Number of protein chains: 2
Amino acid sequence: MKESSLCPRLAKAMELLGKRWTTLILYQLLEGSQRFNEIESALPVSGRLLSERLKELEKEGIVERKVFPEVPIRVEYSLTDKGFALEGAIREVEKWSQNWLES
Amino acid sequence: MKESSLCPRLAKAMELLGKRWTTLILYQLLEGSQRFNEIESALPVSGRLLSERLKELEKEGIVERKVFPEVPIRVEYSLTDKGFALEGAIREVEKWSQNWLES
DNA sequence: TAAGTAAAGTTACTTTTCGTAACTAGATGT
DNA sequence: ACATCTAGTTACGAAAAGTAACTTTACTTA
């Protein structure tokens, strides 16, 4: 894929946030740390994609993964500072959606 | 696809804005009215997808299409009020990208 | 002791969406 | 007659997403 000449950083941001489910996953995590299954239940996303997205977000330093070696295993995902820094953007989209979308 | 129980309006918003190129197209249009070819040149998006995205955005009332029957034909796209209302959200993402992404 | 349950994924397979490039239409210029 | 311009559309292979079944490890229940 070619690069956006226009604003490479925004383009990069949108390549992340623009992927299906990513922003909704982050919106979930704004509530606080959550387990894999909690996120999976809260959103209509499948395990396959949730796993993929969380790995991408972890790699970008937006989400942190903590394993608790209990039985059964517990894994918690939470936002890093970089992740929390997205709250403003997400809230703006939320506001827009409430003002301009119906139902 | 199942529905998000969580926040249907945000989910709807992200289904629109989360599509590849959509937000960058809107970012372009924040600069003002633009022709099809101008947008196509500014972004690494192909005519096929640009056409598809503009139609979706027009259908949602976010973008307006005006045809000037000159020769050759001129078509200009611009944001509606609903589209301009997204400026805050887009600027927040832009800010985040400048603060947290490198290069 | 065998079977069932639970969490956090992974695998295999099908369907959608995307990317690339070639093509179209109408009017004009050479 | 042929090339040029804009704003698209079409065809097709490649990549991403949706769905559902399966895996692993360690209990717990029958």
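None of the values given here were measured: they were computed from a predicted structure. Proteins come first, then strands; the chains are lettered A, B, ... in the order of their sequence lines, and each starts at number 1.
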Asker: How does each nucleotide of nucleotides 6-12 of chain D score, in 5' to 3' order, for protein heavy atoms under 4.0 Å: base (B), sugar-phosphate only (S), or none (-)?
Answerer: SSSBBB-

Asker: Whole angstrom is fine here: how far is it from CD in A/Q34 over to P in C/dA8?
Answerer: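 Rounded to the whole Å, the gap is 12 Å.
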
Asker: Nearest whole angstrom, please: distance from the P of C/dT10 to the CG of A/L49.
Answerer: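 That distance rounds to 12 Å.
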
Asker: One thing to verify: whether B/E52 and B/K55 come together as a salt bridge, which I'm taking to mean a side-chain N less than 4.0 angstrom from a carboxylate O.
Answerer: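 Between B/E52 and B/K55 there is no salt bridge, as every charged N stays at least 4.0 Å from the carboxylate O atoms.
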
Asker: Without decimals, in angstroms, what is the distance between B/I25 CD1 and C/dC18 P?
Answerer: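 Computing the B/I25:CD1 to C/dC18:P distance gives 11 Å.
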
Asker: Between C/dA8 atom P and A/E58 atom CD, what is the distance in whole Å?
Answerer: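 The distance from CD of A/E58 to P of C/dA8 comes to 14 Å, rounded to the nearest Å.
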
Asker: For the helix from C/dT1-D/dA30 to C/dT30-D/dA1, what is the angle between the axes at its two ends, each from 5 pairs, rounded to 10°?
Answerer: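 Answer rounded to 10°: the end axes differ by 30°.
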
Asker: Could you check if a side-chain atom of B/R53 sits within less than 4.5 angstrom of a side-chain atom of B/V45, using non-hydrogen atoms only?
Answerer: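 No, their side chains stay 4.5 Å or more apart.
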
Asker: I need the CZ-C1' distance between B/R53 and C/dG19, as an integer number of Å.
Answerer: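 Atom-to-atom, B/R53 to C/dG19, this comes out as 12 Å.
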
Asker: Under 3.5 Å, is there a donor-acceptor pair between the side chain of A/E40 and the main chain of A/G47?
Answerer: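 Side chain of A/E40 to backbone of A/G47: a pair is present.
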
Asker: Between A/M14 and B/Y27, is there a side-chain heavy-atom distance shorter than 4.5 Å?
Answerer: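 Heavy-atom side-chain distance check fails, nothing below 4.5 Å.
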
Asker: Can you find a heavy atom in the side chain of B/T23 that is under 4.5 Å from one in the side chain of B/V93?
Answerer: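 They are not in contact (no side-chain heavy atoms under 4.5 Å apart), so the answer is no.
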
Asker: Tell me whether A/E102 at atom CD has more than 12 heavy atoms from other residues, nucleotides or ligands lying less than 6.0 Å away.
Answerer: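 Open.
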
Asker: Output the rounded distance in Å from CG (A/L43) to C1' (D/dG18).
Answerer: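 Interatomic distance, CG of A/L43 to C1' of D/dG18: 15 Å.
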
Asker: Could I get the full list of side chain to side chain contact (heavy atoms under 4.5 Å, CB included) partners for A/K82, not counting sequence neighbours?
Answerer: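 A/E60, A/I62, A/T80, B/W96, B/W100, B/L101.
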
Asker: Distance check needed: C/dG9 P versus A/I39 CD1, whole Å only.
Answerer: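 It is 10 Å, rounded to the nearest whole Å.
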
Asker: Please check this pair: side chain of A/Q34 against backbone of A/Q28, looking for a donor-acceptor N/O pair closer than 3.5 Å.
Answerer: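 Flag set: sc A/Q34 to bb A/Q28 pair under 3.5 Å.
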
Asker: Rounded to the Å, how far apart are A/L50 CG and C/dT10 C1'?
Answerer: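 It is 13 Å, rounded to the nearest whole Å.
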
Asker: Can you tell me if the side-chain N/O atoms of A/W21 get under 4.0 Å from OP1 or OP2 in D/dA17?
Answerer: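 Looking at the OP1 and OP2 atoms of D/dA17, neither is under 4.0 Å from any side-chain N or O of A/W21.
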
Asker: Thinking salt bridges, do A/E56 and A/K59 make one under a 4.0 Å N-O criterion?
Answerer: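 Result for this pair is no, no salt bridge flagged.
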
